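It should be emphasised that the depicted structure is a prediction, and the values quoted were computed from it without experimental measurement. By convention in this document, chain letters (A, B, ...) are assigned in the order of the sequence lines, proteins followed by strands, and residues within each chain are numbered from 1.
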Protein chains: 2
Amino acid sequence: MQRVTIKDIAKKLNLSKSSVSRAFNDKYDIKKETRDLILKTAEEMGYFPNPIARKLSQSKTYNIGVVVPEFINDFHAEIIIGIHRILNPKGYQVLVMQSDSTPEMELKNVQTLIQNMVDGLIIAPSSDSDNLDYYLKQMNAGTPMVFVNRIAETFEAPKVVCDNKKWSFFATEHLIREKYKKIYHLSGNKNISVARDRIKGFKQALRKHQFAEEDFKVIETGLLASGGVEVVEELLYRQDLPDAFFCINDLVAMGVIRTLKKNNIRVPEEIGVIGFSETQMAKLTSPQLSSVQQPTYEMGEKAAELLIRHMNDEEVKEATIVLNGKLNIRESSKRS
Amino acid sequence: MQRVTIKDIAKKLNLSKSSVSRAFNDKYDIKKETRDLILKTAEEMGYFPNPIARKLSQSKTYNIGVVVPEFINDFHAEIIIGIHRILNPKGYQVLVMQSDSTPEMELKNVQTLIQNMVDGLIIAPSSDSDNLDYYLKQMNAGTPMVFVNRIAETFEAPKVVCDNKKWSFFATEHLIREKYKKIYHLSGNKNISVARDRIKGFKQALRKHQFAEEDFKVIETGLLASGGVEVVEELLYRQDLPDAFFCINDLVAMGVIRTLKKNNIRVPEEIGVIGFSETQMAKLTSPQLSSVQQPTYEMGEKAAELLIRHMNDEEVKEATIVLNGKLNIRESSKRS
DNA sequence: CTGAAAGCGCTAACAA
DNA sequence: TTGTTAGCGCTTTCAG
């Protein structure tokens, strides 16, 4: 069964291909009746425009590339859904690739996508310091790009971020208000600006509440549950347990809680725990996990909108959108 | 900066476009030296083939559509990753859409993808009884399709499924061996063949171990944690708690465990719980959740391989691949 | 082994 | 308002 083309319709109606084409792109002049006629017979003949042909002649692919560190986690999955929500209705197709959280793979994915001629890119970088030169070069060469989440503040590009420092501050302050006296921050990886910002917020809160500087303890754990497990085991061994953990993410927090409970330490009575980047899991565990929720869907949506504006040549080179988080206080951090 | 085309290379080397094209598609005759020369200068000039042009002239898009119920869960995310693993290296791009678990949206997505001229489709249906006529029609019209997971056994199409009945049987038998005497099965939704198969396995195990037929209790809960919560609350109210729950998935199991613990019922000592479709969460909770793990990545890989064979016109119309699961026994179901 | 030329299906100047 | 025509960049048949 051959696909119907504009040529077939033109022949059938004794019109030219151009007229048919025009009927489908209402930016050109065409008499209303002929257009209606064309649209009607097109419908009858089961015609659908061939997107590839259109892409070739318009030299526009309507493809948008998205690169995320990984898509098995709620955070990035939700960002991707947000992106879809904006882009799909506008006729764009979204090509998602994951970088396995490595800058090398990320670069490779971006290159692949550019070679496949995406019209624009949304990148959720794995770190904020790698590949920047390359990205800058590509942007100057005319590839519209928008960055999400982990990206250096100083990098001059359209970006969508959360106010990590602020919400880290609130999370820490919440622990302080709950009368936790010795609070450790389990930080993911200091190469990531997001983590650095959270450290800043953490320290700022402690400082505000007159904690001694020597108590500003930050431990790097990576982003996996195992990181939380190991830290607690280590601290137990060294008999240096704090009475609260503020964790870089929910996974680490879960690792912490598990290990504490295994050692018969009660959460939140003896030790409070709070996570970040709320996951579905937070509500399902016992104790339910307190966590800072980020507006993930909105991050994706804003990034997509920014990209569209960027592709339309609006001047958004340095537009930065900062979104707000939200502190969900549940059982794991409530002593009162 | 204009993109380099084969024409530019041809001009530079005083060759014809065809030769340059041939150099990149080694199915045609071309002298080795000229080919090497072309490849070398192409490299120097920073040439990349324009995929759109190639697609148009080959009338092949190298796009594969994938429709899943949703991608915020490990199960489907892992299937998608499996698909990527096979398809990306072969130069295919994967377009993923989610149906929000409704047949209507699923149909719409499939139609959109077909209009966008994907070369083939992998569908993880939201139910196994909807849209089948349409799919059959499309397949007969020449669109290669492969189905994954929730799909009726009798539907004649290439498909990749798990042996749900078998692993449901093993899960139930495991509970029996742990001396649980009154086992309820929390089933998702009987419209889904996967759920029906698990019910079969459940009953088969009870039968084998001489449980009374009146004890074959199956309760529909949907697929969310809230379903588990509500059932336990209801059963508590009616004072009809079993001593073990075999749950359709980990989310429901988590809801069950949470609610039991809230009511000071110990898991697994008083009540055992086991999930299905292992999630990352299973290892992170306390007690750690026993669950049947399905080979999700492999399901995606097999589906992609099947699709490729199908697109190459191998006769695989009715090929069904049945994969094996695995029972991960953890704390939530071990009384001994 | 290489070149010329047609064509994939559509868009977009330009003419009429 | 409509038709003619020349592409978009590549593949592929046919000649040479």
Side-chain angles (χ1 to χ4, degrees), chain A residues 1-39 41-42 45-63 91 93 114-119 142, chain B residues 1-39 41-43 45-63 91-93 114-119 142:
Chain A
M1 196 180 71
Q2 237 5 72
R3 208 181 154 103
V4 182
T5 71
I6 48 170
K7 205 168 145 192
D8 300 321
I9 302 177
K11 202 185 299 169
K12 177 141 189 178
L13 294 177
N14 275 319
L15 285 167
S16 69
K17 285 193 303 175
S18 353
S19 294
V20 180
S21 172
R22 281 190 269 257
F24 286 95
N25 301 277
D26 44 25
K27 50 185 161 177
Y28 295 104
D29 294 338
I30 184 167
K31 194 165 37 165
K32 191 170 178 320
E33 295 117 58
T34 48
R35 200 191 61 192
D36 291 345
L37 178 64
I38 290 171
L39 259 34
T41 51
M45 298 174 72
Y47 167 78
F48 290 110
N50 180 327
I52 306 286
R54 155 186 294 212
K55 288 168 183 185
L56 181 61
S57 69
Q58 291 192 150
S59 43
K60 196 179 162 186
T61 64
Y62 290 94
N63 277 174
Q93 306 204 285
I114 289 178
Q115 283 170 31
N116 276 290
M117 310 211 308
V118 290
D119 292 341
Chain B
M1 199 178 69
Q2 237 5 69
R3 207 179 153 105
V4 183
T5 72
I6 49 171
K7 205 169 146 192
D8 301 321
I9 302 177
K11 202 186 297 167
K12 178 142 186 176
L13 294 177
N14 275 319
L15 285 166
S16 69
K17 285 192 303 174
S18 349
S19 294
V20 179
S21 173
R22 281 191 268 259
F24 285 94
N25 299 278
D26 44 25
K27 50 184 162 180
Y28 295 105
D29 294 339
I30 185 167
K31 194 165 35 166
K32 190 170 178 321
E33 294 118 57
T34 48
R35 199 190 62 192
D36 291 345
L37 178 64
I38 290 170
L39 260 34
T41 50
E43 167 100 47
M45 296 173 74
Y47 168 78
F48 290 108
N50 179 326
I52 305 287
R54 154 186 295 211
K55 288 168 183 185
L56 181 60
S57 69
Q58 291 192 150
S59 44
K60 197 181 161 185
T61 64
Y62 290 95
N63 277 174
Y92 287 95
Q93 307 205 284
I114 289 178
Q115 281 171 31
N116 276 290
M117 309 211 309
V118 291
D119 292 342

[N] phosphate, OP1 or OP2: any side-chain N/O from [X] under 4.0 angstrom?
X     : N      : answer
A:N50 : C:dC8  : no
A:S57 : C:dC10 : no
A:Y62 : C:dC10 : no
B:S16 : C:dT2  : no
A:T34 : D:dT2  : yes

Using the ring pair (Phe, Tyr, Trp, His ring centres under 6.0 Å) criterion, which residues pair with A:Y62? Sequence neighbours excluded.
A:Y92
Roughly how many Å is it from [atom1] in [X] to [atom2] in [N], rounded to a whole number?
X      : N      : atom1 : atom2 : answer
A:L37  : D:dT2  : CG    : P     : 10 Å
B:F24  : C:dT2  : CZ    : P     : 15 Å
B:K7   : C:dG3  : NZ    : P     : 16 Å
A:N25  : C:dA13 : CG    : C1'   : 15 Å
B:I6   : D:dT12 : CD1   : P     : 12 Å
A:D8   : C:dC8  : CG    : P     : 11 Å
A:K11  : D:dG3  : NZ    : P     : 15 Å
A:N116 : D:dG9  : CG    : P     : 16 Å

Please check if the side chain of B:D8 supplies one atom and the backbone of B:T5 the other of a donor-acceptor pair under 3.5 Å.
yes
Would you say the side-chain atoms of A:N116 pair up with the backbone N or O of A:V118, donor to acceptor, closer than 3.5 Å?
no
Just verifying a value: how many Å separate A:Q93 CD and B:Q93 CD, rounded to the nearest 0.5 Å?
9.0 Å
To the closest 0.5 Å, what do you measure between CG (A:L15) and CZ (A:R22)?
10.0 Å
For [X], what residues pass the side-chain hydrogen bond (donor to acceptor under 3.5 Å, both in side chains) criterion, not counting sequence neighbours?
X      : answer
A:S18  : A:S16
B:N63  : none
A:D119 : A:T61

Using the side-chain heavy atoms of B:Q58, tell me which of these nucleotides is nearest: D:dT12, D:dC10, C:dC10.
D:dT12
Given D:dT11, C:dG9, C:dC10, which nucleotide is nearest the side-chain atoms of A:L56?
C:dG9
Measure the angle between the two terminal helix axes of the helix from C:dC1-D:dG16 to C:dA16-D:dT1, five base pairs each, and quote it to 10°.
40°
Might you point out which heavy atoms bring B:I38 and B:S19 nearest each other, and give the distance in Å?
CD1-O, 3.7 Å
Over all heavy atoms of both residues, which pair between B:N25 and B:R54 is shortest? Give the atoms and the distance, please.
OD1-NH2, 3.6 Å
Base, sugar-phosphate alone, or nothing: which one does [X] contact when heavy atoms must sit under 4.0 Å apart?
X     : value
A:N14 : sugar-phosphate
B:L15 : sugar-phosphate
A:S21 : base

N/O-N/O pairs, protein side and nucleotides 14-16 of chain C side, under 3.5 Å:
none

Closest-nucleotide 5' rank along DNA chain C - winner of A:K17 and B:K17:
B:K17
Between the base of D:dT4 and the side chain of A:S18, is there a donor-acceptor distance below 3.5 Å?
yes
